[in-house]
Amino acid sequence: MVKPDTNKKSASGDAKDPGRRDFIVVATYAMAGLGAAAVAWPLIDQLNPAADTLALANIEVDISKIAVGQSITVKWRGKPVFIRHRTADEIARANATDVADLRDPQVDIARAEKPEYLVLVGVCTHLGCVPLGQKTGEVKGDYDGWFCPCHGSHYDTSGRIRKGPAPTNLEVPPYDFLSDTVIRIG
Amino acid sequence: MSANQFKSPVIRWIDHRLPVFSMLHHTAHDYPTPKNLNYMWNFGSLAGLSLAIMIVTGIVLAMSYTAHVDYAFSSVERIMRDVNHGWMIRYIHMNTASFFFIVVYLHMFRGLYYGSYKAPRELLWILGVVIFLLMMATAFMGYVLPWGQMSFWGATVITNLFSAIPYVGESIVTLLWGGFSVDNATLNRFFSLHYLMPFIIAGVVVLHIVALHRFGSNNPIGIDTRGPQDTISFHPYYTIKDVFGIAVFLLLLAVVVFFFPNAMGHPDNYIPANAMQTPAHIVPEWYFLPFYAILRAVPDKLGGVLLMFGAIAVLFILPWLDKSPVRSARFRPLFRIFFWVFFANAIALGYLGGKPAEGIYVILSRVATAWYFIHFLIILPVLGMFETTKPLPKSIAEPVLGGFSSTPEQAYAAPRRS
Ligand code: HEM
Ligand code: FES
């Protein structure tokens with residue numbers, strides 16, 4: 001059985017020469033910590049999207065029906081995606097803008113794979129409202145793109161932030177053209 | 001320990017106003033514990049750990065589970081296939097339920113063997129039986145949730161037990177179901193209660209611990225502690241021993257979860273519930289089998305139900321059935337034999353509960369059922385009156401230290417502060 005330990009050094013240890021007991025105690029706590037972390041991870045990761053949710057994570061959209069100057073809104077991952085068939089004038093204005101003046105500098109060609117079609121996540125980068133400007137007759141803001149009514153963010157014809165509190169441009173989702181008329185988002 | 005013994009000033013500040021740290025310290029650190037506890041005293045902390053695992057994994061399962069007859073089964077399958085690590089979380093929940101019962105059964109047999117239910121620990125024991133009942137209700141309702149064939153028919157059979165009650169039985173069953181059969185309303189209320197009851201269990205566990213700390217743990221020789229020479233502080237001596245037990249427990253649990261996750265379950269529960277067809281051989285989860293055997297042993301509906309509940313009811317009055325002043329079976333030669341006969345009989349009941357209710361199995365079930373009650377209602381009271389017990393040691397320290405025990409200074413003092 002345990003006797004009171006007279007060897008002070010090994011019982012309490014010191015900084016330079018930790019006693020064996022200190023080593024065991026530290027090692028025990030370290031192993032317990034590792035174990036706890038290993039258990040915590042699956043319990044946290046289960047909150048992430050499940051496999052079936054991820055399987056629905058991309059959609060295919062037929063864009064042949066969108067007339068020039070019109071937009072459609074589709075739902076992707078629970079969020080609205082704006083697809084706009086831009087007019088030549090809108091494309092020209094987007095290109096004419098001096099990038100240096102922008103809050104989030106980006107040239108238009110970097111935001112649209114084919115200039116005629118602009119694809120955007122329709123979520124204001126300020127606090128998540130859906131900007132207006134999709135339907136004819138809606139306010140499009142000072143730059144003729146989109147206007148977020150929540151706190152007044154103005155986006156231009158390339159979906160770039162021009163005025164108001166939003167920090168960045170409307171996000172361009174990953175997409176590619178499967179054919180001339182079908183795009184896959186996601 | 002007084003509050004100002006904590007090193008951290010923040011802890012001291014808080015503890016002075018809200019003495020939670022002193023309380024914890026008092027419960028899990030200073031708490032003087034008999035120095036002779038053996039490994040049978042590990043199962044209390046293991047039961048607590050099991051409850052914690054059940055609550056954590058259960059809350060996580062509930063995030064992806066749908067309590068509706070049309071979706072319950074597929075939501076559980078979705079947990080198994082699609083939810084990240086869902087298969088593991090569900091297998092942990094399922095198998096920890098079984099381990100929980102193993103641990104609690106061992107904990108209870110420990111109490112039976114060492115006489116831990118005797119004065120002054122009667123209420124402690126009774127609170128334990130309450131926990132056991134609540135656990136059984138929780139596990140029963142949990143088993144209904146995946147809405148497989150066993151879920152459905154288990155729910156049907158068990159709720160129908162109440163129809164045995166004269167006059168009001170049928171109305172009670174309708175009330176339990178919320179309809180004319182086990183259906184969506186039943187599933188919803190079972191989910192609600194299955195979520196609630198573990199927290200009630202946790203509350204009763206707190207009372208159980210309060211009652212425990214009133215007189216401290218019993219010990220293998222069953223005599224009272226007589227002073228500091230008989231005890232050691234809970235921390236680090238028993239914390240480290242409990243941690244060792246926990247490591248072994250988790251290792252075994254991991255083996256089952258990862259290699260034999262369905263060994264303790266029934267394959268029929270992977271068939272979606274079908275109200276039109278009963279499986280050929282319906283059995284409850286293994287931990288209910290002894291009681292199920294008692295139910296089936298009686299050829300009368302009401303009698304079977306009464307006897308089954310009676311099997312638990314006798315546990316409540318056990319402290320007054322066994323009047324022997326000696327606690328531990330170590331000093332009761334006859335009781336010790338009967339204890340092991342009772343233990344074997346309980347295992348036999350479990351075995352018989354899993355067999356079809358026909359032929360020799362019925363006869364054996366009746367014998368074993370009779371013995372279960374004879375043990376409690378006849379053997380224990382009679383032994384209390386006539387058994388010659390062996391002489392008890394004078395103190396816990398004495399068998400180890402011989403004569404020295406009378407002088408506390410000389411008893412080997414395990415370092416009380418190091
Ligand atoms: C005393 C503690 C508990 C016990 C004994 C227990 C027991 C069980 C059992 C035996 C099952 C069926 C396992 C299966 O075959 O799938 C189950 C399922 C379930 N339990 Fe618990 N449980 C407990 C605590 C909890 C808690 C705290 C929650 C949280 C709300 C919970 C939520 C669930 C859910 C959602 C299911 C259905 C999913 C599944 O079948 O795996 N449980 N429980
Ligand atoms: S959310 Fe659009 S401006 Fe605030």
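Computed over heavy atoms, backbone and side chain alike; hydrogens, waters and symmetry mates excluded. Only a predicted model underlies this, so the values are computations on that prediction, with no experimental measurement involved. So you know, we letter chains A, B, ... as the sequences are listed, proteins then strands, and number each from 1.
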Which class fits the ring pair B:H93 and B:H194: parallel under 30°, tilted 30 to 60°, perpendicular over 60°?
-> perpendicular

Residue by residue, scan residues 41-53 of chain A and write down, ordered by number, those that have a heavy-atom distance under 4.5 Å to chain B; if none do, write 'none'.
-> A:W41, A:P42, A:L43, A:D45, A:Q46, A:L47, A:N48, A:P49, A:A50, A:A51, A:D52, A:T53

Between atom CD1 of A:I66 and atom CD of A:E116, what is the distance when rounded to the nearest 0.5 Å?
-> 12.0 Å

So do A:C124 and A:C148 have their SG atoms closer than 2.5 Å?
-> no

Donor-acceptor pairs are to be reported for all side-chain atoms of residues 243-264 of chain B against protein atoms at under 3.5 Å, with residues two or more places apart or in another chain.
{"residue": "B:N262", "atom": "OD1", "partner": "B:Y270", "partner atom": "OH", "Å": "2.8"}
{"residue": "B:N262", "atom": "ND2", "partner": "B:Y91", "partner atom": "OH", "Å": "3.2"}

Verify ring-ring contact (aromatic ring centres under 6.0 Å, His included) between B:Y238 and B:Y31, making sure each step is shown before the conclusion.
-> CA-CA 10 Å; B:Y238 285 113; B:Y31 174 54; 9.0 Å; no

Filtered by a 4.5 Å non-hydrogen cutoff, the part of residues 83-102 of chain A contacting chain B is none

Are any of the side-chain nitrogens in B:R226 or B:D230 under 4.0 Å away from the carboxylate oxygens of its partner?
-> no

Residue pair A:S158, A:D108: steps toward the side-chain hydrogen bond (donor to acceptor under 3.5 Å, both in side chains) verdict = CA-CA 6 Å; A:S158 184; A:D108 186 62; 2.5 Å; yes

Quick one: which residue pairs count as a ring-ring contact (aromatic ring centres under 6.0 Å, His included) with a foot in residues 166-186 of chain A, not counting sequence neighbours?
-> none

Any idea how B:F21 and B:F6 line up, ring-wise: parallel (<30°), tilted (30 to 60°), or perpendicular (>60°)?
-> perpendicular

